[in-house]
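When a ligand or atom number is given, it counts from 1 through the structure's own listing order.
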Amino acid sequence: MDTPFTATCTCIFCKHAASLSFTAEQGTCIAFPDKYPVTEGHLLIIPKRHAPDYFSLTAEEKKDADALLHRLKDDILQKDPSVTGFNIGINNGYDAGQTVFHCHIHLIPRRKGDCENPRGGVRGVIPGKRGY
Ligand code: AMP
Ligand code: ZN
């Protein structure tokens with residue numbers, strides 16, 4: 001696999017790209033399970049190349065990431081009929097909540113009743129602003 005990882009790179013996600021133990025691959029991108037999943041099946045999609053955020057991705061990386069999102073969504077729905085929705089999210093920048101500075105797209109499966117009131121979803125990035 002063509003990987004940008006080098007021995008001097010300390011990024012934990014570059015190490016994932018180099019490990020070959022990921023879940024799926026599409027051209028310039030891979031996907032693997034989130035180590036601290038929000039729900040069962042929570043995946044992260046990343047470019048193989050170290051890029052700090054979504055706005056640094058090339059057109060090809062965005063196309064491959066989107067194809068992976070669709071493939072993995074189909075795969076999850078086929079394997080787990082309890083999944084009835086998804087959140088897709090990207091934190092861009094420290095002030096937006098990003099903690100790992102290698103671009104990653106969260107694909108979070110959702111199930112009926114997995115929280116008391118799902119209304120507003122990703123609006124919950126600001127606590128208290130989810131409902132409207
Ligand atoms: P963010 O806050 O958007 O930067 O998300 C970083 C995500 O990376 C979190 O959901 C973590 O659970 C996840 N994470 C942290 N370390 C690892 C790791 N070694 N392998 C997989 N996922 C990780
Ligand atoms: Zn990296």
Side-chain angles (χ1 to χ4, degrees):
M1 185 188 72
D2 182 23
T3 170
F5 177 74
T6 68
T8 55
C9 184
T10 55
C11 169
I12 55 172
F13 287 178
C14 279
K15 287 176 183 162
H16 267 285
S19 77
L20 300 176
S21 65
F22 42 78
T23 299
E25 179 176 22
Q26 176 86 36
T28 60
C29 293
I30 60 165
F32 52 87
D34 192 291
K35 191 173 179 184
Y36 308 100
V38 173
T39 67
E40 189 186 335
H42 180 175
L43 296 173
L44 299 175
I45 293 157
I46 70 166
K48 295 174 188 172
R49 178 181 71 95
H50 183 88
D53 63 18
Y54 178 78
F55 300 110
S56 309
L57 297 186
T58 65
E60 187 183 15
E61 286 165 340
K62 283 188 269 197
K63 185 165 78 59
D64 289 341
D66 191 53
L68 260 187
L69 276 171
H70 282 265
R71 265 178 56 197
L72 293 165
K73 178 269 294 177
D74 288 344
D75 193 46
I76 290 167
L77 288 178
Q78 196 190 12
K79 288 182 179 151
D80 186 346
S82 73
V83 174
T84 49
F86 292 89
N87 294 113
I88 297 169
I90 310 169
N91 298 325
N92 288 284
Y94 177 86
D95 290 338
Q98 187 172 3
T99 60
V100 176
F101 293 87
H102 180 138
C103 175
H104 50 284
I105 304 172
H106 296 260
L107 177 62
I108 303 176
R110 299 296 304 272
R111 297 164 180 86
K112 196 169 284 302
D114 63 9
C115 74
E116 199 173 311
N117 176 14
R119 184 178 163 85
V122 299
R123 288 176 52 93
V125 292
I126 303 285
K129 292 287 187 182
R130 185 167 54 79
Y132 67 96

Problem set entry | Separation between NZ of Lys62 and CG of Leu69, rounded to the nearest 0.5 Å | 13.5 Å
For this session: Considering only non-hydrogen protein atoms, determine which one is nearest to atom 11 (C) of ligand 1 and report residue, atom name and distance to 0.1 Å.
Result: Asp34 OD1, 3.4 Å
Problem set entry | Contact check: His16 vs ligand 1, nitrogen or oxygen atoms, below 3.5 angstrom | yes
For this session: Would you indicate whether Tyr54, at its atom OH, is surrounded by more than 12 heavy atoms from other residues, nucleotides or ligands within a distance under 6.0 Å?
Result: no
Exercise. Taking the non-hydrogen atoms of Phe13, is any one of them nearer than 4.0 angstrom to ligand 1?
Worked result: yes
For this session: Can you pull out the closest protein heavy atom to atom 22 (N) of ligand 1? Residue, atom name and distance to 0.1 Å, please.
Result: Lys35 N, 3.1 Å
For this session: Compare all side-chain heavy atoms of Thr58 with those of Arg49 and state whether any distance is below 4.5 angstrom.
Result: yes
Exercise. In Å, rounded to the nearest 0.5 Å, how long is the span from CG of Asp66 to CD1 of Ile45?
Worked result: 9.0 Å
Exercise. Which ligand 1 atoms does Asn91 reach within 4.0 Å, using its non-hydrogen atoms?
Worked result: 1 (P), 2 (O), 3 (O)
Exercise. Donor-acceptor pair, Asp64 side chain versus Thr28 backbone, under 3.5 Å?
Worked result: yes
Problem set entry | Degrees at the Zn ion (ligand 2) between the SG atom of Cys11 and the ND1 atom of His102, nearest 10° | 100°
Seminar exercise, completed: ligand 1 atoms nearer than 4.0 angstrom to some heavy atom of Leu44 are 8 (O), 22 (N)
Exercise. Given that the side chain starts at C-beta and the backbone is N, CA, C, O, which of these parts of Val38 lies under 4.0 Å from ligand 1, counting heavy atoms, or is it both or neither?
Worked result: neither
Problem set entry | Side chain, backbone, both or neither: the part of Pro33 lying under 4.0 Å from ligand 1 by heavy atom | backbone
Exercise. Heavy-atom distance under 4.5 Å between the side chains of Ile76 and Leu43, does that happen here?
Worked result: yes
Problem set entry | salt bridge (Lys or Arg N to Asp or Glu O under 4.0 Å) between Lys79 and Asp75, intermediate numbers included | CA-CA 6 Å; Lys79 288 182 179 151; Asp75 193 46; 3.1 Å; yes
Exercise. Centroid-to-centroid, His106 to His104, below 6.0 Å?
Worked result: yes
Exercise. N/O of Val100 under 3.5 Å from N/O of ligand 1, yes or no?
Worked result: yes
For this session: Only pairs at least two apart or in different chains count here, so list each side-chain hydrogen bond (donor to acceptor under 3.5 Å, both in side chains) that has a residue in residues 112-122.
Result: Arg110-Asp114
Problem set entry | Nearest non-hydrogen protein atom, atom 16 (N) of ligand 1 | Ile12 CD1, 3.5 Å
Exercise. Going through the checks in order, is the side chain to side chain contact (heavy atoms under 4.5 Å, CB included) test met by Ile108 and His42?
Worked result: CA-CA 5 Å; Ile108 303 176; His42 180 175; 3.7 Å; yes
Exercise. How does Thr99 reach ligand 1, if at all, at less than 4.0 Å between non-hydrogen atoms: by side chain, backbone, both, or neither?
Worked result: both
Exercise. What's the shortest distance from atom 5 (O) of ligand 1 to any protein heavy atom, and which residue and atom give it?
Worked result: His104 NE2, 3.0 Å
For this session: Could you tell me whether ligand 1 has any atom less than 4.0 Å away from a heavy atom of Lys15?
Result: no
Exercise. Should we count NZ of Lys63 as having more than 12 external heavy atoms under 6.0 Å?
Worked result: no
Exercise. Are any of the N or O atoms of Gly97 closer than 3.5 Å to those of ligand 1?
Worked result: yes
For this session: Using the Zn ion (ligand 2) as the apex, give the angle to atoms SG (Cys14) and ND1 (His50), rounded to 10 degrees.
Result: 110°
Exercise. By number and element, which atoms of ligand 1 are closer than 4.0 Å to a non-hydrogen atom of Gln98?
Worked result: 4 (O)
